[in-house]
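Remarks on the structure that follows.
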2 protein chains.
Amino acid sequence: MSATPTVRRRGEALEAAIYDAVWAELAEVGYAGLTIGAVADRARTSKAVLYRRWPGRAELVFAALVQHVPKAADVPDTGDLRSDLVTFLRSIAANWATRSIDALWGLLAETARDPALAALVRSELADQVREGPMTVMVERAVRRGEVDPAVVSPRMLRVPLDLVRSELLLNGAITGTAVEEIVDDVFLPLVRPRTV
Amino acid sequence: MSATPTVRRRGEALEAAIYDAVWAELAEVGYAGLTIGAVADRARTSKAVLYRRWPGRAELVFAALVQHVPKAADVPDTGDLRSDLVTFLRSIAANWATRSIDALWGLLAETARDPALAALVRSELADQVREGPMTVMVERAVRRGEVDPAVVSPRMLRVPLDLVRSELLLNGAITGTAVEEIVDDVFLPLVRPRTV
DNA sequence: GAAATAAGAAACGCAACGTCTCTTAGGGAG
DNA sequence: CTCCCTAAGAGACGTTGCGTTTCTTATTTC
């Protein structure tokens, strides 16, 4: 029998395989159904390897999730705030919809028991807003005169992403029209300079 | 020894005790830490009684949660939309903050595996908006001329609760100022009649 | 008062947890 | 090239909670 080649991966290669396995498991069974054993099997490694790196399921999933967070680098720049926003929110919706969002709910449910995890998840979410894509897009728009700098506040910047998240929560998915409603009926009317 | 009196509750009395037990467990250990056995013990009943009524943890928690949903009946009516909203959102924040919100995340995490549960949770959330408190308060405000009926849409009605939920998600709690920001900086500017 | 119904106690096999031990592959130092 | 040390991978372990089942007995209903 041609037995398993027993090639042992280490470091980054191994961790990449683990993250892939988590991502795939999330897609198949969701956060609630994800088990450490299944991840280990899928990544062709053993549970011990996982426990050496992360204390438990929550931290493992969180680490895998962070790998897929949109970076401020790939923010659309079309020269028009509306299309920037629509493009960006649509891509968020597509990426987060099936997997991340479910994982995010699962993680949040565990934060009640684990303050350290709570801090971790919340600081990540906060970063998404602080130095994140929204700031970049809106600052560009301010420079173009599309946005009244006086009404731009941290709260304001959070509104679109908050609404997208809630939409995902309510529907499990988010349509193109929902994104446009959020942009055209809520966000833009709020930040556009009054009395044109 | 004065052994346990072995008084057997049935029907509503029993179910009320179970809901109370779920509520208390949620407060102590959160959704992720809640076990069927612990609920049974706390309610001084047995697991079999619970499984006779609900298929599993998710449905049990959901049922307990529904008991605590604010009814349209007890919506504030101060004669002023702003104070109605602030009062209402504050009470939501207080009730939901510690328990329900965590349970809600947990339930949502399980919807990925259980479409029936997903439908259940989502229809409940949708009802909260459709015939819910927001509709009542805003309709009153329309009659008083405080709100422009033209801009009131289902999307618009969702905005305040969506933002409160997201705030709870990010912070684990919601401050009075956050509620006021949502009302004064986001919702009211959107629905107030233009050009006073 | 008898019969039907459901509460409550307890034991079951199962699945996943998180820990541990042991063997051995791979990479670094000399 | 060889030795050594670190960590990968396999698997067994006891524990916990699941969801089911069986049985006794309190309560309701007729």
Side-chain angles (χ1 to χ4, degrees), chain A residues 1-22 25-26 28-63 103 106-107 109-110 112-114 116-117, chain B residues 1-22 25-26 28-63 103 106-107 109-110 112-114 116-117:
Chain A
M1 303 233 203
S2 64
T4 330
T6 63
V7 177
R8 289 188 190 172
R9 298 146 300 175
R10 300 198 168 203
E12 284 189 17
L14 179 56
E15 269 158 41
I18 294 170
Y19 291 141
D20 284 353
V22 172
E25 284 292 310
L26 279 179
E28 275 184 23
V29 297
Y31 183 86
L34 183 141
T35 73
I36 302 277
V39 171
D41 287 352
R42 189 189 278 263
R44 310 184 125 267
T45 181
S46 77
K47 288 197 295 171
V49 170
L50 301 189
Y51 281 109
R52 247 172 243 141
R53 289 175 164 73
W54 301 279
R57 182 174 67 154
E59 290 81 3
L60 167 61
V61 170
F62 177 76
L107 286 177
E110 302 210 46
R113 306 192 72 195
D114 185 345
L117 179 68
Chain B
M1 302 233 203
S2 64
T4 331
T6 62
V7 177
R8 287 189 190 170
R9 297 147 300 175
R10 297 196 171 204
E12 284 189 17
L14 179 56
E15 270 159 38
I18 294 170
Y19 291 140
D20 283 353
V22 172
E25 284 291 311
L26 279 179
E28 275 184 22
V29 297
Y31 182 86
L34 183 141
T35 74
I36 302 277
V39 171
D41 288 352
R42 189 189 277 262
R44 311 183 123 269
T45 183
S46 76
K47 287 197 296 172
V49 170
L50 302 189
Y51 281 109
R52 250 172 239 139
R53 288 173 164 74
W54 301 278
R57 182 174 69 156
E59 289 82 2
L60 167 61
V61 170
F62 177 75
L107 286 177
E110 303 211 43
R113 305 192 73 195
D114 185 345
L117 179 68

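Keep in mind it's a predicted model, so treat the numbers as computed, not measured. So you know, we letter chains A, B, ... as the sequences are listed, proteins then strands, and number each from 1. Because only heavy atoms are used, hydrogens play no part in the values below, and waters and symmetry mates are left out as well, while side chains stay in.
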Next item on the list: May I ask you to verify if any side-chain N or O of Arg10(B) is less than 4.0 angstrom from the OP1 or OP2 atom of dT29(D)?
Entry: no
Next item on the list: Mind calculating the distance between CG (Leu60(A)) and P (dG18(C)) to the nearest angstrom?
Entry: 11 Å
Notebook entry, point to check: What integer distance in Å separates Ile18(B):CD1 from dA6(C):P?
Noted result: 14 Å
Margin query: Checking Ile36(A) against Tyr51(A) for the side chain to side chain contact (heavy atoms under 4.5 Å, CB included) test, could you report, in this order, the C-alpha distance in whole Å, the side-chain angles of both residues, the deciding distance, and whether it holds?
Written below: CA-CA 9 Å; Ile36(A) 302 277; Tyr51(A) 281 109; 3.6 Å; yes
Item checked: Separation of dA16(C) P from Tyr31(A) OH (nearest whole Å) -> 15 Å
Next item on the list: Give the rounded distance in Å between these two atoms: CZ of Arg44(A) and C1' of dA25(C).
Entry: 16 Å
Check: Arg9(A) has an atom CZ; how far is it from atom C1' of dG27(C), in whole Å?
Finding: 17 Å
Check: Whole-Å distance between dT19(C) P and Leu50(A) CG?
Finding: 12 Å
Checklist line | Qualifying residues under side-chain contact (heavy atoms from CB on, under 4.5 Å), relative to Ala48(B), sequence neighbours excluded | finding: Ser46(B), Arg52(B)
Item checked: Test: Arg57(A) cationic atom under 6.0 Å from Phe62(A) six-membered ring centre, within 45° of axis -> no
Next item on the list: Please report, rounded to the nearest Å, how far the C1' atom of dC18(D) is from the CD atom of Glu59(B).
Entry: 14 Å
Check: Got a sec, which residues hit salt bridge (Lys or Arg N to Asp or Glu O under 4.0 Å) with Arg42(A), two or more places apart in sequence or on another chain?
Finding: Glu25(A), Glu28(A)
Margin query: Rounding to an integer number of Å, can you tell me how far Asp41(B) CG sits from dA9(C) C1'?
Written below: 11 Å
Next item on the list: Under the side-chain contact (heavy atoms from CB on, under 4.5 Å) rule, collect the residues that match up with Ala16(A), sequence neighbours excluded.
Entry: none
Note to self: Please confirm whether the shortest side-chain N or O distance from Thr45(B) to OP1 or OP2 of dG8(C) is below 4.0 Å.
What the structure shows: yes
Notebook entry, point to check: Taking the side chain of Leu14(A) as its heavy atoms from C-beta onward, which of dG9(D), dA9(C), dA16(C) lies nearest to it?
Noted result: dG9(D)
Note to self: Does the protein touch nucleotides 19-25 of chain D at the base, only the backbone, or not at all? Give it as B, S and - per nucleotide, heavy atoms under 4.0 Å.
What the structure shows: BBB---B
Checklist line | salt bridge (Lys or Arg N to Asp or Glu O under 4.0 Å) partners of Glu59(A), counting only residues at least two apart | finding: none
Check: Sequence neighbours excluded, which residues qualify as salt bridge (Lys or Arg N to Asp or Glu O under 4.0 Å) partners of Arg53(B)?
Finding: Glu15(B)
